[in-house]
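Naming: A, B, ... by sequence-line order, numbering from 1 per chain.
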Amino acid sequence: MNYEKELKRLNEYQREAVLDESDACVVNANVGSGKTTVLISKIVYLHYAKDISYKDMIVLTFTNKAANEIKERLMASDESIKAEELEGFGTFHSVALHLLKEVLPIEKIRYEKDFLVIEPDEELDIALQIIQEEKLKIKYKNRLKKRLEQAMIIEKEEEKISTYDDDIFKLAELLKEEKIKQNKMSFSDILQNANLLLGEHKIEPKWIIIDEVQDSDKIQLDFIDKLKGENTKLFAVGDPNQVIYSWRGSSLNVVYTLKHKYNAKELSLPINYRSSNAILEAARCFQQNGSLLMGARETENKIIVKNHYNPFNEACYLVDKIKEIHKSGVPYKEIAIFYRLQDQSQVFEDVFLKNDIPFEVSMKKTISHSPVLNWMIKLFRFCVNPNDFSSAIYVLSNKEYGEKITEKTARKIVKEQNIIKSELLEKMHEFLNKCSEIKIAEEIYNYFEFDKYIKPTSATYIDDKEAIDALLDIIIEYVKEKQMPFLDGLREFINSSALYGVNILKKDISSDIDSVKLMTLHASKGLEFSYVFITGVNYGLIPLHTRDMEEEEEQRLFFVGITRAKDYLELSYYTNPDYQKAAPGESRYIHMIPEKLIQNDKVKNNNVNLQELKKQIQEAKAKGNKEEISANEAVELPVVEEINEASIKQVSHKKYGTGKVLKEDDMMIEVEFEKYGVKEFIKAFSELEFL
DNA sequence: CGCATGTGGATTTTT
DNA sequence: TCCACATGCG
């Protein structure tokens with residue numbers, strides 16, 4: 001094995017991390033510093049130099065993508081690895097799932113080995129059914145999910161008093177019982193139950209290696225802690241500058257916590273191999289963590305700052321720009337466009353489609369996003385598990401597909417197993433006996449006579465049929481690959497599809513496809529591109545303001561976006577944004593970048609697209625919009641746009657009339673109105689018009 | 001059913 | 001801030 005050769009290729013910091021032997025070690029890995037390379041080298045080094053079997057290592061990541069990348073790169077570097085040796089390699093959830101299925105004494109918590117994993121929606125369905133059956137009094141059912149989550153956290157009996165005087169705690173308990181009865185676990189149950197059992201039943205691997213630790217939440221940290229034995233060594237890699245998911249529970253000081261809890265040694269990987277100097281220098285302006293960020297590349301390319309009249313104009317500009325870049329020999333896949341909000345992609349999609357620019361939008365669409373497939377999966381769920389009443393009721397009483405009977409009758413016939421009343425229920429019951437000989441997808445389709453239940457007359461019929469065919473093919477292939485009897489294969493497929501999501505609706509977003517990538521700043525984490533356009537760097541949009549937002553996180557998000565760029569970075573803002581949240585003018589973040597790094601391509605006479613303007617005006621009129629824009633005013637707007645920071649801003653409010661701005665920051669604005677006195681507004685919500 | 005009052009969400013997303 | 005939605009009373 002040539003791991004020694006690999007080691008020589010690393011820089012001194014990387015090598016130190018790989019060779020480190022402390023009981024616990026946290027590596028502060030900067031953006032683009034070869035974090036994955038270090039992880040893989042570490043694993044290979046431990047295996048070959050320290051003679052540690054892959055089976056004695058647990059390697060944890062947060063996404064399947066990251067897990068697959070590690071596994072693939074490992075298998076590529078060492079052909080002797082067998083897939084089953086890497087069972088401890090994967091996401092937190094998949095490793096916990098594996099432990100529950102194969103190692104831990106799951107019967108102690110009254111589950112059976114063949115339990116199913118359910119998605120949040122299904123858990124909610126079960127909860128709603130319990131409410132109905134037990135006639136519970138639950139208020140605010142529209143917020144049920146959140147309320148249940150909160151109820152679960154409270155453990156002390158005496159504190160279990162509902163704020164709304166209803167049965168929420170009783171429901172939480174019944175739900176827990178019902179899930180055990182139906183042998184189902186939600187995503188969070190997987191980790192929680194694993195934690196519960198690991199307290200008694202020790203695994204004690206020799207090494208625990210964690211990627212992107214900064215994203216861990218409390219349960220995940222607990223999982224690490226429970227997994228770790230006396231002699232287990234810990235190696236964690238992460239970057240405190242890339243914490244952009246604290247809103248979904250990752251604690252901010254994970255690195256600090258680990259350091260103190262396990263007395264961990266702290267190392268760092270300071271050298272960035274990805275970006276050009278100007279990009280790195282700009283990125284440093286948004287770095288909060290004081291760690292060193294060193295560049296390794298000589299190229300000096302300025303950062304472009306541009307303004308556009310509105311998103312539509314920008315999309316048109318980008319079409320030309322992308323074509324120009326592509327002509328110069330850059331493949332489309334090296335170009336990416338980032339934005340803050342999902343909605344912002346629409347304009348780009350429309351304009352690119354019209355102008356033949358190949359593109360992909362990064363949005364996860366899996367089975368649960370397709371109503372038919374969702375329905376069909378529930379159908380199979382009941383087929384393989386006849387106790388799964390909730391799925392059967394869903395299948396029979398769905399409003400789009402199936403027999404469309406009322407929920408009440410559906411519940412009745414399912415409970416009574418009254419197959420005479422429902423042909424579809426009979427088919428599902430009989431499927432167990434008839435499916436053993438199934439070899440091709442068509443047999444399943446014909447057995448159920450799906451045409452009957454998805455209706456050839458409906459508008460979505462063609463898409464639905466295609467989706468069903470695709471899923472059936474995938475199932476058949478899956479079963480063939482596993483070399484299992486059809487029923488076992490189907491059961492396992494349904495079990496895993498919930499956790500891994502099968503990409504049926506979306507073409508592979510693999511970087512092989514040569515297309516421009518459109519995504520939110522959040523989705524860009526972990527990727528890199530030669531050309532990066534960050535759009536809508538507007539006042540009010542980046543940073544996006546809400547009441548309890550942590551400003552710092554928005555800065556880190558912008559940092560992540562900037563550091564995706566290898567060679568070319570263009571920031572743009574709108575002078576007349578269509579989005580409600582955005583105010584005209586550039587974000588404060590643009591001023592945080594030193595001017596010497598910036599090439600300001602401010603367009604004075606914006607070539608306003610007249611046709612688009614006309615359309616907008618017509619739309620505005622059609623809506624009976626209060627702010628009637630006359631064609632003249634609108635055309636003048638981009639020229640009028642001149643931000644005069646020094647002068648006192650005059651504003652008008654639809655209720656309070658005109659007034660002058662007293663105080664203004666990113667969040668709040670204070671205005672003294674002529675007739676109403678001083679009022680304070682949260683900027684993102686105030687409909688103030690700047691005069 | 002109509003109306004007054006109460007409540008919290010607004011944005012990002014993985015398993 | 002402003003909106004949607006749920007609740008509860010008459």
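- When the C1' atom is compared between B/dT13 and C/dC2, the two are found 26 Å apart, to the nearest whole Å.
- A search for ring-ring contact (aromatic ring centres under 6.0 Å, His included) contacts involving A/Tyr245 returns A/Trp247, A/His522, not counting sequence neighbours.
- Here B/dT13 presents its C1' atom at 11 Å from NZ of A/Lys145, a figure rounded to the nearest Å.
- Closest to the A/Arg340 side chain, of the nucleotides B/dT13, B/dT15, B/dT12, is B/dT12.
- As rounded to whole Å, 12 Å separates atom P of B/dT15 from atom CG of A/Asp215.
- Closest approach to the A/Lys146 side chain among B/dT13, C/dT7, B/dG9 is made by B/dG9 (side chain taken as heavy atoms from C-beta onward).
- Rounding to whole angstrom units, CD of residue A/Glu554 and P of B/dT11 are separated by 13 Å.
- In this structure, A/Arg143 forms a cation-pi arrangement with A/Tyr140, its terminal cationic atom sitting closer than 6.0 Å to the ring centre and no more than 45° off the ring axis.
- Counting only heavy atoms from C-beta on, A/Leu341 has its side chain closest to B/dT11 among B/dT15, B/dT11, B/dT13.
- Taking atom CE of residue A/Met519 and atom P of nucleotide B/dT13, one finds them 11 Å apart after rounding to whole Å.
- Comparing B/dT15, B/dT13, B/dG9 by their nearest atom to the side chain of A/Thr63 picks out B/dT15.
- Computed from coordinates, the A/Lys65 NZ to B/dT13 C1' distance equals 14 Å when rounded to whole Å.
- Nucleic acid contact class of A/Tyr245 (heavy atoms, under 4.0 Å, all strands): sugar-phosphate only.
- The aromatic rings of A/Phe493 and A/Tyr478 lie perpendicular to each other, with more than 60° between the two planes, well past the 30° mark.
- The shortest distance between the side-chain N/O atoms of A/Thr520 and the OP1/OP2 oxygens of B/dT13 is below 4.0 Å.
- Remark: of the listed residues A/Thr520, A/Thr563, A/Asp215, A/Asp215 is the sole one forming a side chain to side chain donor-acceptor pair (under 3.5 Å) with A/Lys525.
- A cation-pi arrangement is absent between A/Lys71 and A/Phe89 under the rule of less than 6.0 angstrom and at most 45 degrees off the ring axis.
- To the nearest angstrom, P of B/dT14 lies 15 Å from CD of A/Gln214.
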Could you go through nucleotides 2-7 of chain B and list every protein N or O atom that sits under 3.5 Å from one of its N or O atoms, giving the distance for each pair?
residue	atom	partner	partner atom	Å
B/dT7	O3'	A/Tyr164	OH	3.1

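- With B/dT12, B/dT15, C/dT7 as the choices, the nucleotide that has an atom nearest any side-chain atom of A/Lys139 turns out to be C/dT7.
- For B/dT14, the OP1/OP2 oxygens have no side-chain nitrogen or oxygen of A/Asn64 closer than 4.0 Å.
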* Stepwise salt bridge (charged side-chain N to carboxylate O under 4.0 Å, His left out) test for A/Glu553 and A/Arg556 -> CA-CA 5 Å; A/Glu553 181 136 326; A/Arg556 290 192 294 266; 3.0 Å; yes

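- Atom CG in A/Leu144 sits roughly 17 Å away from atom P in C/dC5 (whole-Å rounding).
- Residues that satisfy the ring-ring contact (aromatic ring centres under 6.0 Å, His included) test with A/Phe529, not counting sequence neighbours, are absent from this structure.
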* Worked verdict on A/Glu178 versus A/Lys184 for salt bridge (charged side-chain N to carboxylate O under 4.0 Å, His left out) -> CA-CA 9 Å; A/Glu178 187 61 27; A/Lys184 286 174 175 174; over 6 Å; no

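- Atom-to-atom, CD of A/Gln344 to P of B/dT12 comes out at 9 Å; the value is rounded to the nearest Å.
- For A/Gln342 and B/dT13, the shortest distance from a side-chain N or O to OP1 or OP2 is below 4.0 Å.
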